[in-house]
Each structure stands twice: as structure tokens, then as C-alpha cells.
Chemist: 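Following this message is one structure expressed as C-alpha cells.
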Protein chains: 2
Amino acid sequence: MARSDHRSGSQLPATPTTLADVAERAGVSRQTVSNAVNNPDLLRPDTLERVRQTIAELGYSPNRAARNLRTRTSSLIGLRFTPAQEGTANATMDRFVHSLVEASDEAGYHVLLFPADDEDPVGGYDNLLRSTAVDAFVVTDTYLGNPQATWLSQQRAPFVAFGRPWDDDVARHVWVDVDGAAGTRLATQHLIDRGHTRIAWIGWRKDSPIGEDRRAGWLSTMHANGLPTTGLASRVEDVVHSGAEAAAVLLDESEPTAFVCASDTLAMGVLHTLWIRQLAPGRDIAVVGFDDSQVAQVFPVGLTSVRQPLEDVAVEIVRTLRALLAHQPVEARGVLLEPSLVIRESS
Amino acid sequence: MARSDHRSGSQLPATPTTLADVAERAGVSRQTVSNAVNNPDLLRPDTLERVRQTIAELGYSPNRAARNLRTRTSSLIGLRFTPAQEGTANATMDRFVHSLVEASDEAGYHVLLFPADDEDPVGGYDNLLRSTAVDAFVVTDTYLGNPQATWLSQQRAPFVAFGRPWDDDVARHVWVDVDGAAGTRLATQHLIDRGHTRIAWIGWRKDSPIGEDRRAGWLSTMHANGLPTTGLASRVEDVVHSGAEAAAVLLDESEPTAFVCASDTLAMGVLHTLWIRQLAPGRDIAVVGFDDSQVAQVFPVGLTSVRQPLEDVAVEIVRTLRALLAHQPVEARGVLLEPSLVIRESS
DNA sequence: GCGTTGAGTTGGATCGATCAAGGGGGTGTC
DNA sequence: GACACCCCCTTGATCGATCCAACTCAACGC
């Protein structure tokens, strides 16, 4: 005797419909219903149609837990959520998460968030992994010395990193990243095209490989165009007032007419200094930032900025993840995507 | 014969440890191990200790899928992720998600994200609900006419809304919200305390209950202080240039010395107009925004802004959710939290 | 002495799906 | 006619946890 909770109209039954309910109603076996859902070509067309009809009538949807238990998968992708830092313009996460959720959804996956624990950087991963709660991870902070990627590799846990493994003799994992150097190359060339010759760089401290990568783009473009770089570069903390100070010093000592910055945060610092000195951004001095943050977008003088193709990054990550989980050979160990330049009034 | 994959050191066994493995090794039954995990007080202290030891040795962690299947729960909270709109300063989601992930984690829950489908606003909910993939939802967009809350209520799906049900004769669901009026009251009083008497309001269109709520805070505070409001209010689209235009008109026609805005986006518009007119924010004209976005934080002239206590909102939501899921009577139908004012140079 | 009680532990059944193997029934081949 | 074969479908076992009822054993009361 099957459950008979198909009473009053639109309300959800107390116990949701199961595969067995559908089977009985359609006059077939459980396995046939299962096949209708997962391997439709195994069924005769008329049977398939009948089962599908019944599924629609009963509003059946396979129980996730049961499926997960049997197949030893969860259709979940774990992501450690790290929010945008207060007091900065860095806001990659929000857009990236959105893109990842969309891309995952299309591949039949959902995104599971878990918090960052500073004391135990791999704790969250370990829990989810041991309880087989997720199929794979997406790792975002691949800064030098971050143990996550290495640890996951050791555990043989499937994961894709957003970010290159900078200490490349260790962990050789699969990754997707944005070519920072290409971004600053775009920015610098753009300024050169506008007639600038004294273009300054304000970037992060030397121990940041990402920062050095972005710096390299500026440096190579300047050299390629036979332009000077000495005295035109500065490396500081990624906070607004450091950017402001660096800009002040550079203006005094080297008289640049344009700035390329490693982040929108630093670019805001530059703009601050310009504002104090009554210099008009875009007219007197050009400024380019990095990340195309909301700050760049709504600033009264729109800030020209390098934009990461986070939508593409997400799509690429999900594609790679699927290959990984299907145990297909992954074509490339890493994928490098090109950013674009969003030009606004500040340049 | 139990699995014996406890070979070379730190690598994860091919098949993870199960409850039965632990039971055999500890010389007790499966149920006892289960009790050690879920109902420790049922065991005699010495047995408990022995089982715990074994669990630690084997690195056992209960299989999520199996537990979910049996208990008909998932320890997952569903959240429809809507990213920050480009070209605005609205960035509540990022901080809220972070807070929710943290609060959920402490309660033993994880956050599951799913995408918004414009064509089928309840589709994502329906899928997750019918497949019993999540225990409950957190709903964030409770604007007037949003079908989500009503639909979920009809389905008797457990959920808590971040946001009041504005069309309050329908869906009487459980909610947590921030008192917008109290926020603008803080802002307005702050300006009055600084000696301002002609304080203008720039808000959203009249069909936004949230906007009207915030407007009410400004209005009541002005009245309570016997200050004029006629000709000092404007209702526009929530985009930068609308804010700029509104500010220009108000400055021309009513000569305010301060602006309270319904959002940081509009406040940026005001700042734009001030910049064009060579008026110094904070010195010539005061401006207050709403949301304490990154934009407010890194703007060269720090923007005073109302800050929503999103951490507290998340904690309150999770607390309510737990009560709901435990079928305990929820004390209050709604919880209203007080925002604070972050004072910066613009006021 | 014997039933009662209760704390501590156990084995079997169960959640709802999929896997693996095993039919019926028809067609084709010799 | 017998056999092999394929297509389509069914049955029983299984994933790993928890629920449920029962079972052991010591303490206790009368």
C-alpha cells in the first residue's frame, strides 16, 4: 500500500513523493523510473512518456540524500567564503561567487559555502571531505605559502584553484587564473596611446607574486615603448592612505602624468592626493585601477580599471571540475584568461 | 572482515571510515558509536572515552548523505544569491552572506547557494524543496509583490526572511529586519546636532516601502525638531546620476546645507554635484549615505553612512531558524534591529 | 526468592535511491 | 524446432547512518 497523501491541491505532501510512488502509479518498477530520470534511452518511447507524465503529475523529484548515499556523490562544490575587506575596494568575491553559482547550476551543481577559520586553515575542508559532503572544492586564495592547495593535493581531494600555484615546485594542481600582467599591459598601453610618457606604477609589496605579476605588465610595456621607469615605481601596503602617500612622493620627485595601480584601493589613494592638490583626474593626471570595483564604477570621476573576466573564470573552473570528477584527463594543467580595460573619465 | 585501508600515513583511505569500522575496532555495536556521537550522555563514561578514542584514531566523520537520508534533514540552509548590482554602491549581500555563513556554521549548518532565475522566481526554491536538499531557506528580497515569501508559506517550507512583509495582510511569515527609519533618524539628528537646519532628503520612488521607511525617519526627526521639510525632499531612481540631478535641483531651489540619502549610491550622486560646483563635502555641504559600502569607506572624503548590523541580523536569523526547525514556538514573529551611524568627513 | 526497575547496550529494520544480476518475450539463424 | 541473442523491464541487495524495540545485568523492594 503506497502513501496516499495526494489530498488538497497545491500543498506539499507531508511525506514527499518517492520513486516507489511514481513506479506504482505508472505501473512499472522502481528501477524503470530511475532509468527514466537518469538513462532515458534505455526505455521504450511509450514507457518513457508514461513515466514522465506520472513524474510531472506527482511533482516527483529524486531525494538528494538517498541518491547521494548510493552514488557517493553530492553534486555540491565547496567554497570557502572570504568577504571583501572593509576599507578597501577589493570586491572580487561577490561577482565571482555569483558567476560560480550560475556556472555550477548549469552543470547540475550547487555551491556550498563554509567559513574561513584563521586558526585552522584546512579545518573546513577536512570536515567536508571526511563526511563526503562535497564532491570538490574551489580554492580562491592561492597566495604564496597558503597550505590549502598543497593539503588538498595530498588528500587527493578534487579541486580547482582560482589562481596560479606561485611556488611552482610544490603543488602542481589544476588552476584557472587571470593574466594580471596582460591587464596592466592594456592599462599602460592605453595611457601611452593617450600621449603619456611618464607613467608611474603603484603596486603591492614585493612578497606578493600577484602584485609582481601585475607590475611586470607595466614594466614590459614601458620598456617596449622605450619609456623610462626609474623612480617611477612604488611598492606599498594595499590600503588607501598608502596609495595616497606613494602618489604624493612620486608627484614630487618624478613628475609622472599618469598612474597605473595594482588595485582600485590604491587608485583611490592616488585620487585622494590629486583632490588635495587640486589636480583634476583625467585632465591633469590620468589614473588606472585594477578590478573594476563598485568604487571605480560610481566614483564621480569614473575610474578607468582593469576588469577580470570572472564569469569566464567560473565557467572554466566548472568545466575543469567536471572533467576532473569524470576522471577524464584534464587537457591543460592551467588556464590563463585575458582581462579587459574599462575606460572611464580618469584616463 | 572490516576494510583495512589504514596504510601509509596521512592519505585518505580509498573508502572512508564508517561507523561500523569504528564499532568493530572499539568492540561495541554500531548504535553505541552513533550514541557516542549524538547522545553522549547515554553511554557510560569509560565506554564513551574508548569510542571517542577510536573515532579520533580512525579519523571518522559521519557520512552526511546517510545521516541526511535517515534523519530527513540536511543541515543545509538555502540562499538565493543575488550579486551587487554593477554601477551602484549597494553591497549588502557580500557582508550578509559572510555573516550568515559564520552564524550558520556555529549552529552546525552550511549555506547552500542557488542562482536567481528571473523567469521562474520560485523555481530554485521548488527544486531544492522537493528534493529535500535543504532544511530551510533564508529569503532576502522581500520587496512588495515578491512571490517568494508567499509561495514558501503556502508550501509550508521553513524559512526566515531578511526583510519585513510589507504587504502585511498576506504572508505573515517570520522575519528579521533592520529599522531603516531609525537609521535615517540617527543620520538626521546627527546633522541637526552639527547645526544644520535645512536638511534635504533624496530617496527612492514611492513604490519602495523600504525607501518610504527610511524617508519617514528623516521626516519625523525634522518635525520633532521643528524644522522645515517642504521642498526639501526628492524621490528618484537608485542610480548615481539621478542622485546628482536631484541634488542640483534641490541646491538651486531650496538651498539645503545637508543631504540625507536612502543609499550610498545616491550619496555618490550628491558628491558628484558638489564636486562639479566646487563645494567641499563636509565643509560647505554635509552628506550622509546608507549602507556603509566600500564606496563610503574608501572615498577620498570619507562618506558618513548608516551601517546595518548584518552580523546581528545573521545571528538572529539563524537563531529563529533553529527554533523553527525544532518546532519550538517562535517568540516573536519579527525582530527589528537598530542600525548605527558611521561618521566620516562628509558630515 | 522473584518480580520490578532502569541504565547501558544490542540487532534488525529502515530511509530512498542506484547497482548488479536476472528474467520474459520477441526476432533471427541454422 | 532449438538455440542464441537483444531489448526492455524487474527483483533483490546495497550505500551508511539512525530509529525502534528488545535484551542483559545489577540493584532494589517486599
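Here is how names work: the chains are called A, B, and so on, in the same order as the sequence lines, proteins then strands, and each is numbered from 1. Computed from a predicted structure; not experimentally measured.
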Chemist: Start at the 5' end of DNA chain C and walk down; is the nucleotide closest to A/Asn63 or to B/Leu43 reached first?
Modeler: B/Leu43
Chemist: Taking only the side-chain nitrogens and oxygens of A/Thr47, find out if one of them lies under 4.0 Å from OP1 or OP2 of D/dC8.
Modeler: no
Chemist: Check this one for me: any side-chain N or O of A/Thr32 less than 4.0 Å away from OP1 or OP2 of D/dT10?
Modeler: yes
Chemist: Measure CG/B/Leu42 against P/D/dC19 and give the value in whole Å, please.
Modeler: 11 Å
Chemist: What is the separation between atom CZ on B/Arg50 and atom C1' on C/dG8, rounded to the nearest whole Å?
Modeler: 12 Å
Chemist: Nearest to the side chain of A/Gln31, heavy atoms from C-beta on, is which of C/dA20, C/dG16, D/dG16?
Modeler: C/dA20
Chemist: Without decimals, in angstroms, what is the distance between B/Asn68 CG and C/dA17 P?
Modeler: 14 Å
Chemist: Grab the CZ-C1' distance between A/Arg72 and D/dA17 for me, whole Å please.
Modeler: 13 Å
Chemist: Got a salt bridge between B/Arg52 and B/Glu49, using NZ or NE/NH1/NH2 to carboxylate O under 4.0 Å?
Modeler: no
Chemist: Is there a donor on the side chain of A/Arg30 or the base of D/dG12 sitting less than 3.5 Å from an acceptor on the other?
Modeler: yes
Chemist: Could you state the CZ-P distance from A/Arg64 to D/dA17, rounded to the nearest angstrom?
Modeler: 21 Å
Chemist: Is any side-chain N or O of B/Arg67 closer than 4.0 Å to OP1 or OP2 of C/dC15?
Modeler: no
Chemist: From CD of A/Glu24 over to C1' of D/dT10, roughly how many Å is that when rounded to an integer?
Modeler: 15 Å
Chemist: Which nucleotide in the list D/dC9, D/dG16, C/dG16 gets nearest to the side chain of A/Arg70?
Modeler: C/dG16
Chemist: Please work out which of the three classes, parallel, tilted or perpendicular, describes the rings of A/Tyr125 and A/Phe137, given edges at 30° and 60°.
Modeler: perpendicular
Chemist: Please tell me whether B/Phe81 and B/Phe114 form a close aromatic pair, meaning their ring centres lie under 6.0 Å apart.
Modeler: no
Chemist: State plainly whether the residues A/Asp21 and A/Arg25 are in salt-bridge range, i.e. N to O under 4.0 Å.
Modeler: no
Chemist: Counting side-chain heavy atoms from C-beta on, which of D/dT18, D/dA17, C/dG16 comes nearest to B/Ser34?
Modeler: D/dT18
Chemist: Atom CZ of A/Phe159 and atom CD1 of A/Ile317: how far apart are they, to the nearest 0.5 Å?
Modeler: 11.5 Å
Chemist: What is the separation between atom CG on A/Leu69 and atom P on C/dC19, rounded to the nearest whole Å?
Modeler: 12 Å
Chemist: Is any side-chain nitrogen or oxygen of B/Arg44 closer than 4.0 Å to OP1 or OP2 of C/dA7?
Modeler: no
Chemist: Report the distance from atom CG of B/Leu19 to atom C1' of C/dT14, rounded to the nearest whole Å.
Modeler: 15 Å
Chemist: Picking from C/dT9, D/dT18, C/dT18, which would you name as closest to the side chain of B/Asn38?
Modeler: D/dT18
